[in-house]
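What follows is a short report on a single structure.
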Amino acid sequence: MQSATLEFKYNAHDIEPKARAWWNDNHSFRAVEAPGKRKYYCLSMFPYPSGKLHMGHVRNYTIGDALSRYHRMRGYNVMQPMGWDAFGLPAENAAMANGVPPAKWTYDNIAYMKKQLQSLGFAIDWERELATCKPDYYRWNQWLFLRMLEKGLVYKKTGTVNWDPVDQTVLANEQVIDGRGWRTGALVEKREIPMYYMAITKYADELLGALDTLPGWPERVKTMQANWIGKSFGVRFAFPIEWPAAGGSALSSPARGGGVGGGGDNALPDKLWVFTTRADTIMGVTFCAVAAEHPLAAHAAKNNPKLAAFIDECKRGSVIEADMATMEKKGLPTGISVTHPLTGEQIEVWVGNYVLMSYGDGAVMGVPAHDERDFHFAKQYGLPIKQVIDIAGKPFNLDGWQESYADKENGVCVHSGQYDGLRYMEAVDAVAAALKAKDLGEKQVMWRLRDWGISRQRYWGTPIPLIHCGDCGVVPVPDDQLPVVLPEDCVPDGTGNPLNKRADFLDCRCPQCGKQAKRETDTMDTFVDSSWYYTRFACADQKNSMVDARVKYWLPVDQYIGGIEHAILHLLYSRFWTKVMRDLGLVTLDEPFANLLTQGMVLNEIFFRKPAIPPAGATGAAGGGRIVYYNPTEVDITVDASGKRTGVTLRADGQPVESGGIGTMSKSKNNGVDPQSLIEEYGADTARLFMMFASPPEQTLDWSDSGVEGASRFLKRLWSYAYDQQGDIAQVLQGKADGVLVADGWKPGVAAHADFRREIHSVLKQADFDFAKFQFNTVVSAAMKILNAATAFAATKAAGDTERAEQRLLITEATGILLRILAPITPHITHALWQGLGYGKDILAAPWPQADAAALDTDEIELVVQVNGKLRGSLRVAKSADRAEIEKLALANAGVQKHIAGQTVKKVVVVPGRLINVVV
RNA sequence: GCCCGGGUGGUGAAAUUGGUAUACACAUCGGACUUAAAAUCCGACGCUGGGUUAAACCGGCAUACCGGUUCAAGUCCGGUCCCGGGCACCA
């Protein structure tokens, strides 16, 4: 290679566009199916086009790009695609704020963000780009929805939503702030509406079991998913109910009762079903509790205004589980009694706000002695507490709850009649058998996972392909009428779904009878869009089917990269869809993502002002309003003389704002930092280098501006080092083939040169190890070490021509290693230097550097000597030295002698190649 | 509340998975170059005690906190506190 002369100074804004133009001209990142060649499908979670890239995106895509380029240099056929998760709520919010249709807002954002991604030099195959808001994508959501409907995997039932009584609209959980609607300030109500559900619970067992087939997933993610699916083994059983004879009592009329759990429509239930994982404590039941939505509660409330009011109170408020779980535990008796299935005792039934209707049968047995929630509930309402489990060595008293009361591993049944002395499993088996004998229950597996409600009463999403006909009922849209196209010119105003006002969308003919009919206006949860996009990237141009044969070559995704916040929902839904597609014969794989890297979130401080909350009970917008968040760049922080913060004010008006702690950078909290200014000032390589150096990928990253300068300085030093060495390097590379510099096993003739080569290769070995672990921050630090060492080495004077030639050779080797280690992280500068110094025309095509074992070999090793675990000295010994010899040398060591003087040596621990510990 | 992570200098972090704690950087301070500044280069830099004009040097204590296992703990075990993520309609 003939080298061109390098510019004197590093100029990112000159070399970066040139590098990108070169990749573009050479179609460097076009992924082509090549059967037989090792493929590497590297996928970063596609972004929501919120307006502009944020730091989390830069972090995510830099990690993905580094992995793509690294694998490419290691010889893989790499595909790295990109697309847009383009449906969603923020587009509707923007529409309300600016009057722009969500479609236009979204497409504008995509155009801008695409430019930003391109300016960062990511090795993306843009020919595979897709956006989920386009009909040629979402038609396949609709098509698969219909297939699932046919297979019984989609069904209709009611679900609970947040209802804003002022705007008359359904609110997303994030639009509920402190129990009030974010725009109106009105107290949110719960409302039951019909929805469509996907039967993910039919796959619960497989979704749980298959976690064991995913060695490339982080343990923490698998644990979270396993807990979310929540398989528990227990007993489902019934408390028989003996209703008083018809006549006088408040609960007298069976005819007025509602149906319960599979009973007849108008008959009063004759049993209260519950599920428990602690059947061994059944003899300790002192009450039962049902959810406010439980039919028994509704029945009891009919003639009990106080209870009716309490149930109403429970039904108000948010549907968010975290809110439910932190509420004060409250309850009221129903006046209904049930019969204990084993003892025949009468047990009072209560309504408890801590009982979830969505888990099990919406009712629990109350065993206050051995369940913490039951304990507090019983204490509060003066219900009896009966100990039935004894934990050896742990006293039991009723003063306060103790962890040990719930210990099932070490407990033995007491005060439990025939079950006394049995351990947990024995007791569960015996109780289950006794219940079964009475036909009142049996062992059962229970799941925490619930079916996936996909209906959204929103405009900007995939239309659900159903038609409501007065005669035929709900009719699926025939395949040949897909896609049901969403009109793109609606502007939502916050009062319900605008599709309901669009006759051109709404009115249609019934596919079955041809009469006038109405389209369904609910759209799909946007998680549907993101549940299969990774398969579509393999065949984004396919017009006639959802997927095609190319999926077989590219899938599964070899490396998936995305935020830890997606550890459960998105990843679980995607796994579910893959299995559904497999069972429909569309794909052959069981799991979509072979390896998963969950990057930590980029955090920043949150600043806000909170308007006055209206008095309790107020429902109007007056005095209410939403919290206003201010970007960290808009506030000034004042500090006192010692550097401690004294206050935060908004620059615009000088008035104080509150700090909400640190949190993930998000649009809703307005604490994002725009990476654009970083790119514009320093260039893409500096931005990438800084993000990768700041912390390891899986850890959270608290944003701070400092450190960017350091990254930039390193690239400048790299450039000027290369500039200084270009003559020497050119001399060595004259006439050499790409990349091959020094044969393995070659030993320099000068000791100092051997030391230098050993250092370079040992750092290389470390960097390679770190690359394999995806620990890019230490890869960067390895590159810094190589540059530091090489700069110092290049400054040393050689003793003669032979030494000088050897020095040139070593510098050329070290520089080649340095550029290749850095290439995946800072691709532009390394591309420019690789070409400019004459190593070759494309660093991406260069072989990955290998640490040379011969360079690492030494005759002597250094051992550390400790006395009682404290460092007291070190010694150099021949590599071949045996244990006895090392021990002798260690004991003779001056530092050791000083600390063992006058004491007896009890033991000497020798860790080969590392240290010696003398114990006195 | 429940589930999952994290906590190491002034700051971001490293520690080859139980074996020399603080690599590599940032910030700061000092020096060189310069009429000056910026840039660049060189050096110092956990806390604390002894020591000396200053050094060299010699100790002790430090990985959120308390306790345990071990010859040896940032790393393993038990408990506590704080921070972050998720909790099913944000994506």
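Order of the sequence lines sets the chain letters (A, B, ...), proteins ahead of strands, with each chain counted from 1. Keep in mind that this is a model prediction, so the values were computed, not measured. Quick note: numbers below take in every heavy atom, side chains included, and nothing from hydrogens, waters or symmetry partners.
Residues passing the side chain to side chain donor-acceptor pair (under 3.5 Å) test with Gln766(A) are Asp770(A), sequence neighbours excluded. Residues that satisfy the side chain to side chain contact (heavy atoms under 4.5 Å, CB included) test with Ile568(A), not counting sequence neighbours, are Met224(A), Trp228(A). Qualifying side chain to side chain donor-acceptor pair (under 3.5 Å) partners for Thr223(A), counting only residues two or more places apart in sequence or in other chains: none. Applying the ring pair (Phe, Tyr, Trp, His ring centres under 6.0 Å) criterion to His54(A), with sequence neighbours excluded, gives His57(A). With sequence neighbours excluded, no residue forms a side chain to side chain donor-acceptor pair (under 3.5 Å) with Asn671(A). Residues forming a side chain to side chain contact (heavy atoms under 4.5 Å, CB included) with Ala853(A) (at least two apart in sequence, or on another chain): none. When the side chain to side chain donor-acceptor pair (under 3.5 Å) test is applied to Tyr197(A), no partner is found at least two apart in sequence or on another chain.
Residue pairs meeting the side chain to side chain donor-acceptor pair (under 3.5 Å) criterion with at least one member in residues 83-96 of chain A, sequence neighbours excluded, are Trp84(A)-Glu129(A).
For Met224(A), the side-chain atoms get nearest to rG85(B) when compared with the rest of rA88(B), rA25(B), rG85(B).
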Each nucleotide N or O in nucleotides 7-13 of chain B that has a protein N or O under 3.5 Å away: list the pair and distance.
{"from": "rG12(B)", "atom 1": "O2'", "to": "Ala694(A)", "atom 2": "O", "distance (Å)": "2.3"}
{"from": "rA13(B)", "atom 1": "O3'", "to": "Asn777(A)", "atom 2": "ND2", "distance (Å)": "3.2"}

Dump the pairs, protein N or O against N or O of nucleotides 68-77 of chain B, anything under 3.5 Å, distances to one decimal.
{"from": "rC71(B)", "atom 1": "O2'", "to": "Asn917(A)", "atom 2": "ND2", "distance (Å)": "3.2"}
{"from": "rC71(B)", "atom 1": "O2", "to": "Asn917(A)", "atom 2": "ND2", "distance (Å)": "2.7"}

Using nucleotides 47-52 of chain B, report all nitrogen or oxygen pairs with the protein that are shorter than 3.5 Å.
none

### Bracket notation of RNA chain B in which parentheses pair within the strand, [ ] cross earlier pairs, and | pairs with another strand (Watson-Crick or G-U, under 3.5 Å)
(((((((..(((......[....))).(((((.......))))).(((((......)))))..(((((..]....))))))))))))....

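Within 6.0 Å of the NZ atom in Lys52(A), the count of heavy atoms belonging to other residues, nucleotides or ligands does not exceed 12.
At a threshold of 4.0 angstrom between heavy atoms, the contacts of Arg456(A) include nucleobase atoms, whether or not backbone atoms are also involved.
Between Tyr560(A) and Trp217(A), the distance separating the two ring centers is not shorter than 6.0 angstrom. A distance below 6.0 Å separates the ring centres of Trp703(A) and Phe690(A).
Here, rA73(B) and rA21(B) have their C1' atoms 11 Å apart, quoted to the whole Å.
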